[in-house]
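It should be emphasised that the depicted structure is a prediction, and the values quoted were computed from it without experimental measurement.
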Amino acid sequence: MNQSLRYARVACLLVVLALAPQGCGYNRIQGADEEVKAAWSEVSNQYQRRADLIPNLVATVKGAADFERETLEAVVRARASATKIEAGPELLENAEMFRQYQAAQGELSRSLGRLLVTVERYPDIKATEAFRDLQAQLEGTENRIAVARKRYVDQVAEYNKLVRFFPTNLTARWLLGAEVRPNFEAEPGAETAPEVQF
C-alpha cells in the first residue's frame, strides 16, 4: 500500500472519530438534558418565590380580626405541602414524584385563589398598601411561573424527541440510559378558567 493511501485512510478515520459524538447524538442529548435542567431550575425558582410571598400575605390578611380562619389555614397547609417536596433535578427522573409535586403546586394555586376571592369581601384589607403590593407581586409571580413552565415544556419536548427518535434513541438508551422526562399535564377541570382576581 502506498504511503499516501495510508495517510488518506488515517485521515478519514480521524474525521469519522471526530464526528462520531455528533452523529450519534451524544452531544445533542447532553445539551438538551442541560437545557431541561436549566428550565426546571427556573420553574422551581418561581414556585419558591411564590411560596416566600405567601407568609406575608397570610400575615397581612390575618390582621383583620374577623377574617375566615379556615381559608387562611388552607393556604398555610397547601404551602407546607408544596414546599415539602424537594424540587431538585432528581425530581425530573421520577414521574411519580413529579406528579405529586405538580399536584401540590396545583392545590396551592387553588387555595391561594380562594383566599384572594375571599378577600374581595373585606374592603378594609383590600385597601391596605401592603395587600395591594402583595397582590401585584403575586400576579407577577404567577405570570413568571406560566412563562417558566412553558419554557420547561418546550425543552422537555426537544429532549424527549432525542430520546425517542432514531438514531439518537440508540445512544440515549444504550449509552446514556436516558429515559423520557415527565412533563406538565393539564389538571382535571383546567379547561374551565379559575375565578382568581388580583
Closest contact, heavy atoms only, [X] versus [Y]:
X	Y	result
T141	R49	OG1-NE, 2.8 Å
P55	A51	CD-O, 3.0 Å
A82	A104	CA-CB, 3.8 Å

Is there a path of hydrophobic side-chain contacts, each under 4.5 Å between heavy atoms of I/L/V/M/F/W/Y residues, joining V180 to L170?
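No, it is not one cluster - the side chains of L170 and V180 are not joined through contacts under 4.5 Å.
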
Side chains of residues 36-44: which donor-acceptor partners sit under 3.5 Å, not counting sequence neighbours?
| residue | atom | partner | partner atom | Å |
| --- | --- | --- | --- | --- |
| K37 | NZ | D33 | OD2 | 3.2 |
| W40 | NE1 | A87 | O | 2.7 |
| S41 | OG | K37 | O | 3.0 |
| E42 | OE2 | Q46 | NE2 | 2.7 |
| S44 | OG | W40 | O | 3.3 |
| S44 | OG | S41 | O | 3.1 |

Counterpart residues, side chain to side chain contact (heavy atoms under 4.5 Å, CB included), relative to [X] (two or more places apart):
X	result
E96	N94, R99, Q100
R121	E68, T118
E129	R132, D133
V147	none

Test side chain to side chain donor-acceptor pair (under 3.5 Å) applied to [X] - qualifying residues, sequence neighbours left out:
X	value
D154	K150
Y152	none
R50	Q105, S109, E142
R173	none

When rounded to the nearest 0.5 angstrom, what distance separates CG in L57 from NZ in K62?
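Between atom CG of L57 and atom NZ of K62 there are 11.5 Å.
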
CZ of F131 to OG1 of T60: how many Å apart, nearest 0.5 Å?
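Taking CZ in F131 and OG1 in T60, the distance rounds to 8.0 Å.
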
For residues 156-168, tabulate all N or O donor-acceptor pairs below 3.5 Å that involve a side-chain atom, not counting sequence neighbours.
| residue | atom | partner | partner atom | Å |
| --- | --- | --- | --- | --- |
| E158 | OE2 | K161 | NZ | 3.2 |
| N160 | OD1 | R181 | N | 2.8 |
| N160 | ND2 | R181 | O | 3.2 |
| T168 | OG1 | L162 | O | 2.7 |
| T168 | OG1 | F165 | O | 3.0 |

State which residues pass salt bridge (Lys or Arg N to Asp or Glu O under 4.0 Å) with R77; sequence neighbours excluded, sorted by chain then number.
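By the salt bridge (Lys or Arg N to Asp or Glu O under 4.0 Å) rule, R77 matches no residue at all.
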
Say whether D52 and Q48, considering side chains only, have a donor N or O and an acceptor N or O under 3.5 Å apart.
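Present: a donor and an acceptor within the cut-off.
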
